[in-house]
Amino acid sequence: CPGFPGVFNLGDPSSTTGDGKNLIGLDGFINSYSKRWVQEFRFVSPDDQRLRWIGGIFWKDSEDHGQSQQQGLYYADRISSYGALLDTLLKVPANTHTDTIEEFAVFGEIAYDLTEELELTVGLRLSDMQQEFSNTDTGTDDKPVSPKVVLSWRPYGELMTYFRYSSGFRPGQVNNH
């Protein structure tokens, strides 16, 4: 197995011993957490009217932390020499990041019964999102507008068919791989 530094001592020969007992193994660990605060308030009209509406506000504040690292397991008498050499190679800063997003939105929707069988619904969501990515020192500032139009037809009983146009938005993330 040429090229494995723990067995064949391919590191700096003056700082390690070439007897194959520098590294016992590698251990990986993952440390992650998420903190979220989400609040939404909706105001809704009675649903037994010909004209119905929903309106509201939304707020989200979140923080996601992820850390995926490896660490070497060394023989006791080799930690100071070989551990110092290999540990710096195993710690990859790009594998540790904390990302935050704050979003505020207002939304509304109106549904109107054109006839007993036809219903028209129109809606709109306006958002303001800011993201920050700790390992790239960048972020985003998005202000998406998400419209919705639905025309539904109920020819009889439980049967319904509809035409729907809508758009949505989800913020991107950092690809760490």
Side-chain angles (χ1 to χ4, degrees), residues 25-74 79 83-84 86-114 117-154 158-177:
L26 294 173
D27 187 16
F29 67 93
I30 296 173
N31 176 23
S32 64
Y33 66 82
S34 293
K35 295 179 184 178
R36 294 212 182 350
W37 178 262
V38 178
Q39 186 66 58
E40 180 174 286
F41 293 101
R42 287 185 178 206
F43 306 97
V44 182
S45 70
D47 66 350
D48 61 350
Q49 305 295 313
R50 188 171 183 182
L51 177 69
R52 297 165 306 283
W53 54 266
I54 297 174
I57 57 174
F58 173 87
W59 179 70
K60 176 172 89 171
D61 188 13
S62 71
E63 176 180 292
D64 295 308
H65 174 80
Q67 180 179 15
S68 175
Q69 299 289 334
Q70 293 75 38
Q71 66 186 38
L73 304 173
Y74 309 101
I79 290 175
L86 188 58
D87 280 348
T88 56
L89 299 174
L90 295 175
K91 290 185 170 70
V92 180
N95 288 345
T96 300
H97 58 93
T98 302
D99 307 328
T100 61
I101 183 169
E102 186 168 353
E103 176 183 2
F104 178 76
V106 294
F107 58 90
E109 179 177 293
I110 296 173
Y112 183 71
D113 295 331
L114 300 171
E117 294 86 23
L118 263 166
E119 177 186 294
L120 177 65
T121 304
V122 294
L124 188 67
R125 180 183 178 100
L126 305 170
S127 299
D128 184 11
M129 296 183 203
Q130 286 88 36
Q131 290 188 98
E132 293 181 13
F133 308 114
S134 65
N135 63 346
T136 63
D137 293 328
T138 62
T140 63
D141 187 1
D142 297 304
K143 296 182 181 353
V145 176
S146 303
K148 173 172 116 175
V149 177
V150 181
L151 182 62
S152 57
W153 177 48
R154 293 184 184 180
E158 300 295 316
L159 179 64
M160 180 179 78
T161 184
Y162 61 90
F163 166 80
R164 178 180 184 158
Y165 169 81
S166 63
S167 103
F169 178 83
R170 293 303 318 143
Q173 292 289 326
V174 173
N175 184 356
N176 291 313
H177 302 292

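All residue numbers in this chain count up from 1 along the given sequence.
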Steps toward side-chain contact (heavy atoms from CB on, under 4.5 Å) verdict (F169, V145): CA-CA 8 Å; F169 178 83; V145 176; over 6 Å; no
Contacts of P147 that satisfy side chain to side chain contact (heavy atoms under 4.5 Å, CB included) - sequence neighbours left out: L124, Y165, S167
Contacts of E158 that satisfy side chain to side chain contact (heavy atoms under 4.5 Å, CB included) - sequence neighbours left out: none
Sequence-distant partners of D61, salt bridge (charged side-chain N to carboxylate O under 4.0 Å, His left out), two or more places apart: none
Residues forming a salt bridge (charged side-chain N to carboxylate O under 4.0 Å, His left out) with D141, sequence neighbours excluded: K143
Q131 and D99, any side-chain heavy atoms less than 4.5 Å apart: no
Side chains of T140 and P171 in contact at under 4.5 Å (non-hydrogen atoms): no
Those residues that, when tested against Y33, pass ring pair (Phe, Tyr, Trp, His ring centres under 6.0 Å) (two or more places apart): H65
Residues that [X] engages under side-chain hydrogen bond (donor to acceptor under 3.5 Å, both in side chains), provided they are two or more places apart:
X	answer
E117	none
R36	D64
Q69	T96
R42	E40

Other residues, nucleotides, ligands: >12 heavy atoms within 6.0 Å of R164 CZ: no
CD1/I30: more than 12 non-hydrogen atoms of other groups inside 6.0 Å: no
Check: S45 side chain, W53 main-chain N or O, donor-acceptor pair, under 3.5 Å: yes
Determine all donor-acceptor pairs shorter than 3.5 Å in which one atom belongs to a side chain in residues 102-113; sequence neighbours excluded.
from: E102; atom 1: OE2; to: W59; atom 2: NE1; distance (Å): 3.3
from: E103; atom 1: OE2; to: R125; atom 2: NH2; distance (Å): 3.4
from: E109; atom 1: OE1; to: K148; atom 2: NZ; distance (Å): 2.7
from: D113; atom 1: OD1; to: R52; atom 2: NH2; distance (Å): 3.1
from: D113; atom 1: OD2; to: R52; atom 2: NH1; distance (Å): 3.1

Gap separating the CE atom of M129 from the CZ atom of R170, nearest 0.5 angstrom: 5.5 Å
